[in-house]
Amino acid sequence: MFDTHELGRRPGAMQRLSRSVEAPADLGVEVIGVPAGATVELDLRLESVVEGVLVTGTARAPLAGECVRCLEPLEQELEVDFQEMFSYPDADSRLRQAEPEEDTEEETFFVEDGLFDLEPVLRDAVVLALPLRPVCREDCPGLCSECGARLAEEPDHQHHDAVDIRWAALQGLAGTNQDGEKDDVSGPEPGADEKQEK
């Protein structure tokens, strides 16, 4: 929770804040995210407007996850900018009365008793900024599709052509009758007997 009492409700007033907060649980997606309890550095600018408090900020946090190609652990740094309006409850009701026909699906955040909760805004900003397919390095070759070996550690990794055991017995015959050659099953040369009689 952040306090806006010092800022007040005078339009045009501004306040800058720098805070270090602990990351909430599940701040990320399955393959990468901010570890729970990790330090998130926040630089915020709070501006008082008629409707509420406009919060503009930057968040910096460490990321931990695994490479989607080789499944090795990886660590990265995330920096993300965000901006959100936190409305005063009474100002929000006045706006709704003034524009009853406007139907918006955007989530509305409020300043309640001079306090606002930044966590849902921070969570949305961080999750949207996460890499969809994190990799340990841009040219990561991944894993061998046959044995699962990590190709970055074995650049010369290769497999010989596997022999189907159902055909293994025929391997010994390979090369015996090639290129259409046939075994010599012909009889004696024609006229051979006549030559012998002479």
Side-chain angles (χ1 to χ4, degrees), residues 1-2 17-45 55-86 104-109 116-186:
M1 287 289 188
F2 288 83
L17 298 173
S18 292
R19 296 280 178 84
S20 296
V21 298
E22 287 190 1
D26 302 322
L27 185 55
V29 293
E30 184 177 354
V31 292
I32 194 167
V34 181
T39 300
V40 179
E41 301 291 342
L42 297 173
D43 291 323
L44 305 176
R45 184 181 69 187
V55 178
T56 305
T58 301
R60 289 175 292 276
L63 296 178
E66 65 179 26
C67 175
V68 295
R69 294 181 188 167
C70 67
L71 306 182
E72 286 293 302
L74 61 82
E75 294 182 354
Q76 297 179 355
E77 294 291 326
L78 174 72
E79 181 172 321
V80 60
D81 298 324
F82 56 90
Q83 186 177 68
E84 189 61 59
M85 170 67 73
F86 289 83
T104 177
E105 296 181 359
E106 293 183 4
E107 184 176 1
T108 303
F109 300 95
F116 67 87
D117 183 7
L118 192 62
E119 181 178 329
V121 175
L122 179 62
R123 184 180 297 278
D124 289 346
V126 168
V127 171
L128 289 175
L130 291 175
L132 296 177
R133 296 179 56 80
V135 291
C136 57
R137 67 185 203 201
E138 290 300 323
D139 61 345
C140 174
L143 302 176
C144 173
S145 60
E146 294 188 33
C147 68
R150 189 166 182 256
L151 299 179
E153 297 175 351
E154 302 180 40
D156 298 326
H157 181 84
Q158 59 182 348
H159 289 272
H160 297 294
D161 293 337
V163 177
D164 192 324
I165 59 173
R166 295 171 297 180
W167 301 102
L170 300 178
Q171 291 299 307
L173 301 177
T176 57
N177 293 324
Q178 297 180 355
D179 301 327
E181 295 178 357
K182 298 181 179 180
D183 293 334
D184 186 9
V185 295
S186 60

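Note that the numbering runs from 1 along the sequence shown for the chain. The structure displayed is predicted, hence computed values, not measured ones.
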Extract all donor-acceptor atom pairs below 3.5 Å that involve side chains of residues 78-86 and protein atoms in other chains or at least two apart in sequence.
| residue | atom | partner | partner atom | Å |
| --- | --- | --- | --- | --- |
| D81 | OD1 | T58 | OG1 | 2.7 |
| Q83 | NE2 | T56 | OG1 | 2.8 |

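- A donor-acceptor pair under 3.5 Å links the side-chain atoms of R69 to the main chain of E138, judged by distance alone.
- A 4.5 Å side-chain heavy-atom check between E72 and C140 finds every atom pair outside the cut-off.
- The two residues P35 and A23 come nearest to each other via the heavy atoms O-CB, 3.6 Å.
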For residues 119-127, dump all side-chain donor-acceptor pairs below 3.5 Å to protein atoms at least two apart in sequence or in another chain.
| residue | atom | partner | partner atom | Å |
| --- | --- | --- | --- | --- |
| E119 | OE2 | R123 | NH2 | 3.1 |
| R123 | NH1 | A25 | O | 3.4 |
| R123 | NH1 | D26 | O | 2.7 |
| R123 | NH2 | A25 | O | 3.3 |

- Message: Using the rule given for side-chain contact (heavy atoms from CB on, under 4.5 Å), can you reason through L44 versus L118, listing the C-alpha separation, both sets of side-chain angles and the distance that settles it, and then say yes or no?
- Response: CA-CA 11 Å; L44 305 176; L118 192 62; 4.0 Å; yes

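- Scored by the side-chain contact (heavy atoms from CB on, under 4.5 Å) test, E22 finds no partners at all (sequence neighbours excluded).
- Pairs of residues two or more places apart, or lying in two chains, that qualify as side-chain hydrogen bond (donor to acceptor under 3.5 Å, both in side chains) and include a residue from residues 27-45 are S18-D43, S20-E41, D43-R60, R45-E47.
- Taking every heavy atom of both residues into account, V40 and A61 meet most closely at CG2-CB, 4.0 Å.
- Around atom CD of E75, no more than 12 heavy atoms belonging to other residues, nucleotides or ligands sit under 6.0 Å away.
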- Message: Run V31 and L130 through side-chain contact (heavy atoms from CB on, under 4.5 Å) and show every step you take.
- Response: CA-CA 10 Å; V31 292; L130 291 175; over 6 Å; no

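- Judged as a side-chain contact (heavy atoms from CB on, under 4.5 Å), and not counting sequence neighbours, the contacts of L71 are E66, L143.
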